Structure formats: C-alpha cells, structure tokens
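FYI, side chains are in, hydrogens and waters are out, and symmetry mates aren't considered; it's all heavy atoms of this structure. None of these values were measured; they are calculated from a predicted model.
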Amino acid sequence: MVHRDVISVTSRAQKVKVEPGAGTLLWILQRLSSYGLLLFLPIHLYFTYFTKLDTPVLTYEGARETFRAFPLWYVLNEGLLLLCALFHGLNGFRNVIYDWTTNSAVRHTVNFVLIVLGIAGAILGFWTLWALA
C-alpha cells in the first residue's frame, strides 16, 4: 500500500492510501460503456422513433409491436443500452464523489448506495423488457 499526497477540492494535500492498479478496471469500463452508449443509443432511437413514422405518439402498443417485429435485436439492444447507461452514469457520479472527498467512510457509503441503485435500476429495466414480451 502506497501513501500519496492528493490535492483535492479541500485545497490542502491529504494522505490517501492507493493500491497499485486501483481503479484501472473501472476506468476501462467507463470508456467501454461510453462506446456502448454511442453504439446502442442510435439503434434505440431508430427502434423508438423511426420504425413507426405513421404514428405521431409513442405508445406501449407501438413499443410492443416493434418488439414483436425484432424480438432478439430489440431485447439485446435495450438490455445493453440499459447496462451501459446505468454503469456509465453511476460510475461517473462515483468519480465526482471521489474527487470531492477522500473520507473512506463516505466513499464506502457512496459505493454501497450506488451498487444498490444500479441493481435496482437493472431489475426495473429488465422487468420492463420482460413485460413487452
């Protein structure tokens, strides 16, 4: 374990325990999730808005009709978009909190709350996809 002086928004250096390679996986996953968003979001917009040009209003029935026309692609795209968006947003919020404080109790609490929110969001999102089937 290495101790490094880290200058944060508190404007004075603080001693922070840093493990070699800590945060590298999350950094890589943040980048990969951004690429996922760039790939899956336009497909989502296409399924949502451009497959039904004759209807001006989005409805549950319209979404279900699109799902029935492209079941595998729809579920695959929406599920991966959901996972990428949840991870990217929650990990980005975590990074902001980590920049804001070096208090390990706050960081552990934030990690726990964000994991719970991520799991709850994934369950609700996949439950909604299941309802379309």
Thr109 and Phe112: CA distance, side-chain angles, deciding distance, side chain to side chain contact (heavy atoms under 4.5 Å, CB included) verdict: CA-CA 5 Å; Thr109 303; Phe112 177 76; 5.8 Å; no
Separation between CD of Gln30 and CG of Leu90, rounded to the nearest 0.5 Å: 10.0 Å
Heavy-atom side-chain contact between Glu78 and Thr128 under 4.5 Å: no
Rounded distance [0.5 Å steps], CG in Asn95 versus CG in Leu26: 7.5 Å
Side chain to side chain contact (heavy atoms under 4.5 Å, CB included) evaluation trace for Leu37 with Phe87: CA-CA 10 Å; Leu37 289 172; Phe87 179 81; over 6 Å; no
Single-linkage hydrophobic cluster Ile115~Leu29, side-chain heavy atoms < 4.5 angstrom: no
Main-chain N/O of Asn111 paired with Arg94 side-chain donor or acceptor, under 3.5 Å: no
In one Ile/Leu/Val/Met/Phe/Trp/Tyr side-chain cluster, 4.5 Å: Trp130, Phe67: no
Value rounded to 0.5 Å, distance of CZ in Arg68 from CZ in Arg64: 4.0 Å
Between CG on residue Leu86 and CD1 on residue Ile119, distance to nearest 0.5 Å: 10.5 Å
Tyr60 atom OH, over 12 foreign heavy atoms within 6.0 Å: yes
Hydrophobic cluster membership, Leu81 vs Leu45, 4.5 Å side-chain cutoff: yes
Between CZ on residue Phe126 and CG on residue Leu82, distance to nearest 0.5 Å: 5.0 Å
Parallel, tilted or perpendicular, as decided by the 30° and 60° cut-offs, for the rings of Tyr74 and Phe47: tilted
Contact check, side chains of Trp100 and Ile97, non-hydrogen atoms, under 4.5 Å: yes
Inter-residue atom distance Asn77.CG - Ile43.CD1, 0.5 Å rounding: 4.5 Å
